[in-house]
There are 2 protein chains.
Amino acid sequence: MRTRSGQKEQNIWQAAVREFARHGYHQAKISRIAEGAGVATGSVYLYFKNKKQLLEKILADVWQNLAQEMEALVTRKDLNAVEKLEGMVDLVIDMFTDNPSLAIVVVNEHSQTRIAQPYYERFLALGRQVLEEGIATGLLNPHLQVDVTSQFIFGGVRHLIHLWAQSPRQYPLNKIRREVKLLLKRGILTEVQ
Amino acid sequence: MRTRSGQKEQNIWQAAVREFARHGYHQAKISRIAEGAGVATGSVYLYFKNKKQLLEKILADVWQNLAQEMEALVTRKDLNAVEKLEGMVDLVIDMFTDNPSLAIVVVNEHSQTRIAQPYYERFLALGRQVLEEGIATGLLNPHLQVDVTSQFIFGGVRHLIHLWAQSPRQYPLNKIRREVKLLLKRGILTEVQ
DNA sequence: CCAAGACCTGAATGAATATTCAGTTTAGAC
DNA sequence: GTCTAAACTGAATATTCATTCAGGTCTTGG
């Protein structure tokens with residue numbers, strides 16, 4: 001008999017992220033992914049059912065990781081809602097810091113998969129939950145529409161991460177991080193004294 | 001001789017928007033676009049060089065229209081910077097009100113075209129310009145990073161429009177419109193008295 | 001009317017590449 | 001050392017359309 005090295009699946013996963021990021025899902029070639037992973041074309045199909053499932057696996061992994069970390073953040077008792085929101089922004093930004101390719105794939109291919117993504121839903125629900133907690137504790141404006149607000153923030157952050165992935169110099173993550181937090185809390189108007 | 005009806009190009013343009021919106025650029029079929037426009041497959045190539053150029057034309061048309069209307073808005077003397085920003089949000093939302101398919105195409109396929117999009121650049125530049133005007137007149141927070149801020153707003157609005165296009169009931173445009181303006185101006189914190 | 005020439009058609013072509021699978025290699029059991 | 005079964009290979013297959021183009025069809029000027 002023979003056992004899988006355990007390394008190949010991860011190599012393919014990573015090579016696929018690079019390939020999807022560089023060429024986009026539809027222009028990505030299985031043969032190039034295999035080459036990038038140092039395996040034969042057919043071996044990709046030993047670990048993933050097909051090209052589509054490979055993309056879905058990547059996205060699902062990302063949302064699962066994020067949802068898991070957010071879950072821990074949201075249940076902390078030592079942070080108020082605003083601090084949790086800032087922590088969420090940090091979590092998302094940190095996730096991509098070491099992997100611009102992954103950022104590009106998540107941002108660009110997110111709408112490719114029409115299937116329900118449970119972990120992505122969980123991620124969004126946790127965002128709404130923190131906003132509601134903030135309203136309940138009087139920290140946040142009670143007139144906020146939590147669903148629209150959370151999606152607006154998500155869309156803004158997603159777009160900025162995409163820009164960073166394409167031009168890290170022009171949109172450094174720390175600048176993005178700081179600015180998003182400021183905008184969130186205070187909006188654009190001159191500070192009221 | 002024979003002259004073009006002038007109707008066919010527009011029919012193809014509209015059919016392509018529907019097809020791109022429903023199936024995404026890469027799954028879209030020229031044959032279905034032709035069918036939707038009531039012409040033969042080959043006729044698409046009388047009006048557009050190829051599939052890619054058809055998408056580019058659609059996106060360019062959208063950004064050209066928006067940039068043009070924004071240009072008029074930005075040069076108005078009777079509005080201050082905040083009113084202009086609100087007007088810009090209205091412009092973007094109004095553009096898609098009658099055409100959810102177009103909204104989906106613009107949002108989903110925006111990153112498909114790697115070519116420079118002059119009108120899109122113009123659109124972004126006008127946004128930055130209004131923010132700078134607002135800072136100069138003391139209306140807006142002088143610590144704003146105008147490039148990051150304008151992109152954040154753009155990303156948030158883009159995402160919300162996408163959600164509306166997919167579930168108009170859950171994310172009605174008027175709710176989006178109101179919420180975005182509030183968030184922009186005041187952020188999420190409880191109003192300071 | 002009747003060329004003339006542009007418009008229009010849609011089946012055929014060709015290219016691209018996801019997926020398969022018959023054959024080869026190798027790790028581990030005995 | 002030998003055998004076995006799973007892992008692995010990569011050329012061949014099969015499919016899917018974008019694009020072409022040879023042949024028809026209209027519209028208009030004279």
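Computed from a prediction, not measured in an experiment: that's the story for all the values here. So that the names make sense, note that chain A is the first sequence line, chain B the second, and so on, each numbered from 1.
Between A:Gln7 atom CD and D:dA7 atom C1' the separation is 16 Å, expressed in whole Å. Atom CG of B:Leu46 and atom P of C:dG5 are 18 Å apart (whole Å). If you take NE2 of B:His23 and P of D:dT16, they are 15 Å apart, rounded to a whole angstrom. Rounded to whole Å, the distance from CD1 on B:Ile33 to P on D:dA18 is 8 Å.
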Query raised in the report: Which is it for B:His26 and A:Gln27 under the side-chain contact (heavy atoms from CB on, under 4.5 Å) test, yes or no, and what are the steps along the way?
Result: CA-CA 9 Å; B:His26 289 285; A:Gln27 302 305 317; 2.9 Å; yes
Query raised in the report: Does the pair B:Lys181 and B:Asp90 meet the rule for a side-chain contact (heavy atoms from CB on, under 4.5 Å), with working shown?
Result: CA-CA 10 Å; B:Lys181 292 179 183 176; B:Asp90 286 333; 3.0 Å; yes
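Contact check, A:Arg4 against D:dA7: a side-chain N or O comes under 4.0 Å of OP1 or OP2. Remark: A:Thr3 is not in phosphate contact with C:dA27, judged by side-chain N or O atoms under 4.0 Å from OP1 or OP2. Note on B:Lys8: every side-chain N or O is 4.0 Å or more away from OP1 and OP2 of C:dC7.
The nearest pair of heavy atoms linking A:Leu126 to A:Ala67 is CD1-O, 3.8 Å. Nearest heavy atoms, B:Leu66 versus B:Phe123: CD1-CE1, 4.0 Å.
Nucleic acid contact for B:Tyr47: sugar-phosphate only, since backbone atoms but no base atoms lie under 4.0 Å from a heavy atom of the residue. In this structure, B:Val44 reaches neither bases nor backbone, as no heavy-atom distance under 4.0 Å exists between it and the strands shown.
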Report task. Sugar-phosphate means primed atoms, P, OP1 and OP2; the rest is base. With that split, encode nucleotides 11-22 of chain C 5' to 3' as B, S or - using protein heavy atoms under 4.0 Å. Result -> ------SSBB--
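A salt bridge between A:Glu133 and A:Lys84 is present, with a side-chain N of the basic residue lying under 4.0 Å from a carboxylate O of the acidic one.
Aromatic ring centroids of B:Tyr120 and B:His110 lie under 6.0 Å apart. Checked against a 6.0 Å centroid threshold, the rings of A:Tyr171 and B:Phe152 do not count as neighbours. Ring pair A:Trp63/A:Tyr119: centre-to-centre distance not below 6.0 Å.
By the salt bridge (Lys or Arg N to Asp or Glu O under 4.0 Å) test, A:Glu35 is found to be paired with no residue, residues two or more places apart in sequence or in another chain being considered.
Distances from the side chain of B:Arg2 to the nucleotides C:dT9, C:dT25, C:dA6 place C:dA6 closest.
Of the residues in residues 10-19 of chain B, not one comes within less than 4.0 Å of DNA chain D through any heavy atom.
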